[in-house]
Amino acid sequence: MKLDLLGDFQRTHRNGDLRLEHAGQTVRLLGWCRRVRNLGSLVFLDLRDRWGLVQLVAKEETADPELLAKLKAVRSEFVLAAEGVVAERENKNPNMATGDVEIRLTALRILNTAAPLPFPLEDEGVGEDLRLTYRFLDLRREQLQRNMLLRSEVASLTRNHFRELDFIEFETPILTKSTPEGARDYLVPSRVHAGQFFALPQSPQLFKQLLQVSGFERYVQICRCFRDEDLRADRQPEFTQVDVEMSFVRQEDVQGVIEPLMVKLAKLVGKKVSAPFPRLSYRDAMEWYGSDKPDLRCGVRIQDATSLFASSGFNLFRAAADTRGQRRVRTLFFPGEAAGSLSRKALDAYQEQARQMGAGGLPYAKWGKDGLASSFKKFLDPGVEAALKDRLSVEGEGLAIFAVGTDAQTSKVLGDLRTRIALDLSATEPDPALSSLFHDKHAFVFLWVVDFPLVEWSEENQGFAACHHPFTSPHPDDLDLLETDPGKCRSLAYDLVLNGFEVGGGSIRIHDADTQSRMFRTIGIGEAEARAKFGFLLDALAFGAPPHGGLALGLDRLVMLLAGVDNIREVIAFPKTAQARCLMTDAPGPVDERQLRDLHLIQDAKQTYRVGAVFFESVEGGNAEFRGQALQQISQLTPRQAQGLVTFDSRGQILDAQTLSGPTFEF
RNA sequence: GGGGUUGUAGCUCAGUCGGUUAGAGUGCCAGCCUGUCACGCUGGAAGUCGCGGGUUCGAGCCCCGUCAGCCCCGCCA
């Protein structure tokens, strides 16, 4: 098809802006054809641009025949420039913003054609692999356009927020140094320094601290971070942080800067949130909700039931009572009819989930229409049942589930099932009593989880590791524990949690060299290693580092929640798959051997041989098998009689070849 | 590293107990159609049943392996 040129055609209006008030005006529009409706001698076309959709029309009795023919040739997603007169429609479409008007075409340019799309833009439920392969088309879809716009608004609002508070925006290096601990680094080999590597930043942590030492008392950056770990629905290998650091602050000061930002962002999507947000200690969060990022839309709390089974015949539970707190029986009670009438099948599914979380099973007690049902009913004699009902405040119907084990084990199981079951029940429960269970699915419930432990024991490394990161300040009240009982030492770290997602985390940092050295020692980083890896930080702390602290927000996750979607890929323009591939570009991919040699990633052990029918037998040294392969490959390209030189690498791959008299071949 | 799940026409899916020529809707192509907006009507083309192997007289269906997408566990200071 012959294409028209854009030429000096200029848009006069955005498609979505046209209204009755424009009637009579001649307008020039640009965009993509969403769909043609060809009724024979009457043709409609919906023209889409970034701002909306408007209907174009032409009919046989009034339109130029050439124009009409051209219009009929248009297919979905053709790129068009249209000129026409705005007119009131005969049949209005109340479902369209521009549904009162249509554009009676006077001229049409086809700027580009489009092959039929591999998937329809209107449909939901297209396979995600397809969408990711043709992401540039996927991004034409309304939902993703909205998400990208929201993301842009969030970034812009965030920048303005910090700017108003006199923060300075920085750019820190992408090529930086690998650091121990934390996530696996993405590495970049150095060409200039054989055998040495840059690492992509897991976060600009040290740089922002050093900028505090430099005197930039308020730092902000919206930056890309990289962690080479396995993915999840809310995790990508490269992600964006809103990175913040401040000098001369307590954690309340940092929180006080973040909270109003969250209020504004929530307002952006029509959610009302009020600051200050509640604070919950890590210990209470784990005890009541079994999670360090509890979803407080659900009010159900974990309760301790260990003592109720101290003299029970149920060995599994009684044994826990004998351990004096090492192992406990913990339980969750979901009140209501829906919980009391949960099917065996549903309970089995929850049990399967519990198993995946490391539990042996999922003991339950259910009070339904037919009275008590329980997986350990024979041990629930009336006395124990009454005590249990009293402990759990059971009135009427409901479901109690149990977990037994160490706090870490039971928290994991109950923490996960708490929200899972509550969410399921709230979808089916007609009973308003459930409001105590899951208040408002659509609400935004923020909180701060504070007083995280400083370090935790790592079985894998047989030593303590930093919970947050090694630069986090110990809680001043617990400083002495650093050497005596590090596992009990609290830190000045805090996480911002929204609806069960960690959307941010930060801490007050260590700002004196002595404490930093003690911290390194606690987590098994010796003097020499600390010097080698963080010498610059220790130096900086020695030259007048101010007390400082900050936080980083996970922008992708935040936008995901603001957009109300359940997958981070929906708010990233070009995301990776769960296997960390880009289906569109097919990255990562192989590179030329030349590049590998430049980067010193393969040995430069190339060997050159003379090949050809005449000289082949007289070639000296080298690997006979390689010579044979080379001869075979060369003979496919040039007559067997030719003679030439072939260069191999150490694995027998041909790097290049040339005949003595003729052409050079590339491999 | 482990577990689960999905893979059939461009797309979304059905395909019974292993048995004739693998179907539907939609999209695409062609024709008709003056008020459509998921336009309508008629006709047509369209398949490496993800890939490889095996069992069988016979495999989309059963077995083994493998690749890819998604979800979860481990991991993610």
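Numbers restart at 1 for each chain; the letters A, B, ... are given by sequence-line order, proteins then strands. No hydrogens, no waters, no symmetry mates; every other heavy atom, side chains included, goes into these values. Everything numeric here is computed off the predicted structure, so don't read it as measured data.
Between B:G43 and B:C61, the two P atoms lie 34 Å apart (nearest whole Å). To the nearest whole angstrom, the two P atoms, one in B:G69 and one in B:G53, are 23 Å apart. Atom C1' of B:U20 sits at a distance of 15 Å from the matching atom of B:C57, rounded to the whole Å. Going from the P atom of B:G65 to that of B:G25 covers 39 Å, rounded to whole Å. Taking atom P in both B:A59 and B:G74, one finds a spacing of 44 Å when rounded to whole Å. Comparing the same atom, C1', in B:C49 and in B:A24 gives a spacing of 16 Å after rounding to whole Å. To the nearest whole angstrom, the two C1' atoms, one in B:G58 and one in B:U42, are 40 Å apart.
In this structure, the ring of A:Phe136 has its center no less than 6.0 angstrom from the ring center of A:Phe574.
For RNA chain B, the neighbouring residues in residues 125-133 of chain A, judged by any heavy atom under 4.0 Å, are A:Gly125, A:Val126, A:Gly127, A:Glu128, A:Asp129, A:Leu130.
Heavy-atom minimum distance, A:Tyr282 versus A:Val449: CA-CG1, 3.8 Å. In this structure, A:Ile510 and A:His548 approach most closely via the heavy-atom pair O-CE1, 4.0 Å.
The local environment of NZ in A:Lys488 is sparse, with at most 12 non-hydrogen atoms from other residues, nucleotides or ligands closer than 6.0 Å. For CD of A:Glu122, the number of neighbouring non-hydrogen atoms (other residues, nucleotides, ligands) closer than 6.0 Å is greater than 12. Within 6.0 Å of CD on A:Glu66 lie no more than 12 heavy atoms contributed by other residues, nucleotides or ligands.
Remark: A:Arg531 engages A:Asp539 in a salt bridge, criterion side-chain N to carboxylate O under 4.0 Å. By the 4.0 Å N-to-carboxylate-O rule, A:Arg14 lies too far from A:Asp49 to be salt-bridged with it.
For the ring pair (Phe, Tyr, Trp, His ring centres under 6.0 Å) test, no residue two or more places apart in sequence or in another chain qualifies with A:Tyr219. Not counting sequence neighbours, the partners of A:Phe464 by the ring pair (Phe, Tyr, Trp, His ring centres under 6.0 Å) test are A:Trp457.
Across all strands shown, B:C61 remains unpaired; no Watson-Crick or G-U wobble contact has both distances below 3.5 Å. Nucleotide B:C28 is matched to B:G44 when pairs are restricted to Watson-Crick or G-U wobble geometry with both distances under 3.5 angstrom. Using the Watson-Crick or G-U wobble rule with both distances under 3.5 Å, B:G7 pairs with B:C67. Judged by Watson-Crick or G-U wobble contacts below 3.5 Å, the nucleotide B:U20 has no partner.
Looking at which nucleotide of RNA chain B each of A:Cys467 and A:Ser76 is closest to, the 5′-most match is held by A:Ser76. Each of A:Ala580 and A:Phe471 lies near RNA chain B, and the nucleotide nearest A:Ala580 is the one positioned closer to the 5' end.
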- Query: Yes or no on ring-ring contact (aromatic ring centres under 6.0 Å, His included) for A:Phe226 and A:Phe239, after CA distance, side-chain angles and deciding distance?
  - Reply: CA-CA 7 Å; A:Phe226 308 85; A:Phe239 58 98; 8.1 Å; no
- Message: Output one letter per nucleotide in nucleotides 29-36 of chain B: B when a protein non-hydrogen atom lies under 4.0 Å from the base, S when only the sugar-phosphate is that close, - when neither is.
- Response: SS--BBBB
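Note on A:Thr472: nothing from the nucleic acid sits closer than 4.0 angstrom, heavy atoms only. Contact annotation for A:Arg420: no contact, since no heavy-atom pair falls under 4.0 Å across all strands.
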Name the pairs: protein N/O against N/O of nucleotides 73-76 of chain B, kept only if under 3.5 Å.
unit_1: B:C73; atom_1: OP2; unit_2: A:Arg232; atom_2: NE; d: 2.8
unit_1: B:G74; atom_1: OP1; unit_2: A:Lys412; atom_2: NZ; d: 3.1
unit_1: B:G74; atom_1: N7; unit_2: A:Arg232; atom_2: NH2; d: 2.8
unit_1: B:G74; atom_1: O6; unit_2: A:Arg232; atom_2: NH1; d: 3.1
unit_1: B:G74; atom_1: O6; unit_2: A:Arg232; atom_2: NH2; d: 3.4
unit_1: B:G74; atom_1: N1; unit_2: A:Asp230; atom_2: OD2; d: 2.6
unit_1: B:G74; atom_1: N2; unit_2: A:Asp230; atom_2: OD2; d: 3.1
unit_1: B:C75; atom_1: O2'; unit_2: A:Glu229; atom_2: OE1; d: 2.5
unit_1: B:C75; atom_1: O2; unit_2: A:Arg235; atom_2: NH2; d: 3.2
unit_1: B:C75; atom_1: N3; unit_2: A:Arg235; atom_2: NH1; d: 3.4
unit_1: B:C75; atom_1: N3; unit_2: A:Arg235; atom_2: NH2; d: 2.7
unit_1: B:C75; atom_1: N4; unit_2: A:Arg232; atom_2: NH2; d: 3.3
unit_1: B:C75; atom_1: N4; unit_2: A:Arg235; atom_2: NH1; d: 3.4
unit_1: B:C76; atom_1: O2; unit_2: A:Arg235; atom_2: NE; d: 3.2
unit_1: B:C76; atom_1: O2; unit_2: A:Arg235; atom_2: NH1; d: 2.7
unit_1: B:C76; atom_1: N3; unit_2: A:Arg235; atom_2: NH1; d: 2.8

Please table the atom pairs, donor to acceptor, closer than 3.5 Å between any side-chain atom in residues 521-528 of chain A and protein atoms at least two apart or in another chain.
unit_1: A:Thr522; atom_1: OG1; unit_2: A:Leu482; atom_2: O; d: 3.4
unit_1: A:Thr522; atom_1: OG1; unit_2: A:Arg518; atom_2: O; d: 2.9

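Whole-Å rounding puts the A:Leu137 CG to B:G27 P distance at 18 Å.
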